[in-house]
There are 2 protein chains.
Amino acid sequence: MTAEKNTVFVVDDDPSVRGGLNRLFKSVGLAVETFASAAEFLERGRGEGPACLVLDVRMPELSGLDLQAELARADVAIPIVFITGHGSVPMSVRAMKAGAADFLEKPVDEQELLDAVNRALARDRRARREQAELADLRRRLASLTSREREVLSYVAAGRLNKQIAAELGTSEKTVKVHRARVMEKMEVASVAELARLAEKLDLSLPEA
Amino acid sequence: MTAEKNTVFVVDDDPSVRGGLNRLFKSVGLAVETFASAAEFLERGRGEGPACLVLDVRMPELSGLDLQAELARADVAIPIVFITGHGSVPMSVRAMKAGAADFLEKPVDEQELLDAVNRALARDRRARREQAELADLRRRLASLTSREREVLSYVAAGRLNKQIAAELGTSEKTVKVHRARVMEKMEVASVAELARLAEKLDLSLPEA
DNA sequence: CGGACAATTGGACCTTGGTCCAATACGGGT
DNA sequence: ACCCGTATTGGACCAAGGTCCAATTGTCCG
């Protein structure tokens, strides 16, 4: 259905490497964009569709690991496949612990790299699906008034209208109105669904 | 509160290494158990409380990575801190991708190892808490009759008693009885809670 | 100021859910 | 044959949720 093109972003300071990788990925039908430095990638950023990053560890200025940290700070969750000519165990462990999709050593076997990239793209597609779903939930949540959000939390916690009214210092009548609006705006037909959404949204539910 | 002792399992074929690690961990108040081979650890297995595994990669017979795979197959989820004298990048990447907590090279810095072990233990404590909670939920679920489980799935899906009765080919009256028993056995007071439990239990909810 | 939106409440009415008491039916195991 | 657990249903009744109509108050904005 969603035939969005998968993109590979290549960041390497060596022009010949960029050229080689560009050809390799294009040869299997992937869209490619190359960057000569981490800074350059940070400026242009990532596009729209599913993507992954093929990143040289050793580069002047910002290293690959620095870029990884930078992206994490900026909440840019793009899977990273590292490639390095002079890698070390601690370096690879650090990268993997920081969430890297893979970490390969030069000379890189072409098939191995393609496999790694495809796994990374698959990971990104899944992550994007989940993110899109969450964004949609948050959009609905944002459409609620603060009072409605309050009522939502009580309903998701399993409270009765009567109890909610008491805790909000209002009437059961009012609670019913808010509650109906919450169900409508959140686009759910049952309390069970609402509870599941609240769970996904990490809503803190009232204790007492 | 739960002052369970944290245990470090050490698996290394070198007796002097076992002795050294034993002393190191004991010196910081950790319980230690040592094993000369992967097979030996597999036999005695892990104990009760929170624990982690400190594992040499290179060993005769089953290697550390083999043991990791073996444990994964057996669903034994114990965090592993690898130690190796002749590590390589691909080896560490493979271990990390398989879920290793850390991967250190000899000679190992004592503080670094202790830090890694403590992180691994913390990970295990969290995992154990979650597992215990899940086991409790599964216990409650197991106490339901098959009919009750069926009704549970419909209720968690947000269906009305009337609809459930129709889909089960029974009367609304009967559904109410099952439903009440479900709420009692699952120890919940509201549909919202029930829906959350069903979510955690990964119950497949009826579509139509 | 007039208007839009949010919060609030009342009344009437219907649908659902939950509880109590009581009862029938079927399959297993003692 | 008898008891137990499971599934089933009925009637009565009350509590809770949902809906329709209508209305008031306060605030923020053009």
Side-chain angles (χ1 to χ4, degrees), chain A residues 137-199 201 203-208, chain B residues 137-199 201 203-208:
Chain A
L137 285 191
R138 279 199 263 265
R139 181 186 54 72
R140 293 185 225 168
L141 182 64
S143 77
L144 299 183
T145 67
S146 63
R147 196 56 152 175
E148 284 163 355
R149 261 192 291 280
E150 210 167 355
V151 171
L152 160 57
S153 68
Y154 282 104
V155 174
R159 295 286 204 299
L160 300 181
N161 287 341
K162 188 191 297 185
Q163 300 173 311
I164 302 175
E167 305 204 57
L168 293 185
T170 180
S171 83
E172 188 178 338
K173 197 71 206 125
T174 308
V175 173
K176 284 190 181 183
V177 174
H178 287 317
R179 181 173 182 147
R181 234 184 285 279
V182 166
M183 301 291 282
E184 185 193 339
K185 288 186 179 178
M186 295 304 287
E187 297 170 31
V188 294
S190 68
V191 180
E193 281 182 74
L194 193 66
R196 267 196 299 282
L197 297 199
E199 185 90 337
L201 284 167
L203 289 193
S204 60
L205 308 180
E207 283 301 324
Chain B
L137 285 191
R138 279 198 263 266
R139 180 186 56 70
R140 292 185 227 170
L141 182 64
S143 76
L144 298 183
T145 66
S146 64
R147 197 55 152 174
E148 285 162 356
R149 260 191 292 279
E150 209 168 356
V151 171
L152 160 58
S153 69
Y154 283 103
V155 174
R159 295 286 203 298
L160 301 181
N161 287 342
K162 188 191 297 185
Q163 300 173 311
I164 302 175
E167 306 204 57
L168 293 185
T170 180
S171 83
E172 189 178 338
K173 197 70 207 134
T174 309
V175 173
K176 283 190 182 185
V177 175
H178 288 316
R179 182 174 183 148
R181 234 184 286 279
V182 166
M183 301 291 283
E184 186 194 339
K185 288 187 179 177
M186 295 303 288
E187 299 170 30
V188 295
S190 67
V191 179
E193 280 181 75
L194 193 65
R196 266 196 298 282
L197 296 199
E199 184 90 339
L201 284 167
L203 289 193
S204 59
L205 307 181
E207 282 301 327

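The figures that follow rest on heavy atoms only: side chains count, while hydrogens, waters and symmetry mates do not. All chains are named by letter (A, B, ...) in the order of the sequence lines, taking the proteins before the strands, and each is independently numbered beginning at 1.
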Answer yes or no: does a side-chain N or O of [X] lie under 4.0 Å from OP1 or OP2 of [N]?
| X | N | answer |
| --- | --- | --- |
| B:Asn161 | C:dG17 | yes |
| A:Thr145 | C:dA7 | yes |
| B:Thr170 | D:dA7 | no |
| A:His178 | C:dA6 | no |
| B:Ser190 | C:dG17 | no |

Just so I know, are the side chains of [X] and [Y] near enough to count as touching, which here means a heavy-atom distance under 4.5 Å?
| X | Y | result |
| --- | --- | --- |
| A:Thr145 | A:Lys185 | yes |
| A:Leu141 | A:Leu137 | no |
| A:Arg159 | A:Pro206 | yes |

Figure out the [atom1]/[atom2] separation between [X] and [N], and round it to whole Å.
| X | N | atom1 | atom2 | answer |
| --- | --- | --- | --- | --- |
| A:Lys176 | D:dT19 | NZ | P | 10 Å |
| B:Glu150 | D:dT6 | CD | C1' | 14 Å |
| A:Leu144 | C:dA6 | CG | P | 11 Å |
| B:Leu152 | D:dA7 | CG | C1' | 17 Å |
| A:Ile164 | C:dA7 | CD1 | P | 15 Å |
| B:Glu172 | C:dT19 | CD | P | 15 Å |
| A:Arg147 | D:dT27 | CZ | P | 15 Å |
| B:Glu148 | D:dA7 | CD | P | 6 Å |

If you check the [X] side chain, which of [options] turns out closest?
| X | options | result |
| --- | --- | --- |
| B:Lys162 | C:dT16, D:dA16, C:dG17 | C:dT16 |
| A:Arg179 | C:dG17, D:dG17, D:dT9 | D:dG17 |
| A:Ala180 | D:dT19, C:dT8, C:dG17 | D:dT19 |

Q) Relative to the 5' end of DNA chain D, which residue comes earlier, A:Leu160 or B:Gly169, by the nucleotide with the nearest heavy atom? A)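 First, find each residue's nearest nucleotide; the 5'-ward one identifies B:Gly169.
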
Would you kindly check whether a donor in the side chain of B:Lys173 faces an acceptor in the base of C:dT24, or vice versa, at under 3.5 angstrom?
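Answer is no: no donor-acceptor pair is held.
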
### Query
Would you call B:Glu184 and B:Arg181 a salt bridge, taking side-chain N to carboxylate O under 4.0 Å as the test?
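Salt bridge between B:Glu184 and B:Arg181, a charged N being under 4.0 Å from a carboxylate O: no.
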
Taking only Lys NZ, Arg NE, NH1 and NH2, and the carboxylate oxygens of Asp or Glu, determine whether B:Arg196 and B:Glu193 approach each other closer than 4.0 Å.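 A salt bridge is absent here (no side-chain N lies under 4.0 Å from a carboxylate O).
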
query = Hey, does A:Thr174 reach any base, or is it just sugar-phosphate, or nothing, if we go heavy atoms under 4.0 Å?
reply =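 Base, at least one base atom sits under 4.0 Å.
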
Looking across every strand, which nucleic acid part, if any, lies under 4.0 Å from B:Val177 by heavy atom: base, sugar-phosphate, or nothing?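 The answer is base, as B:Val177 lies within the cut-off (heavy atoms under 4.0 Å) of a base atom.
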
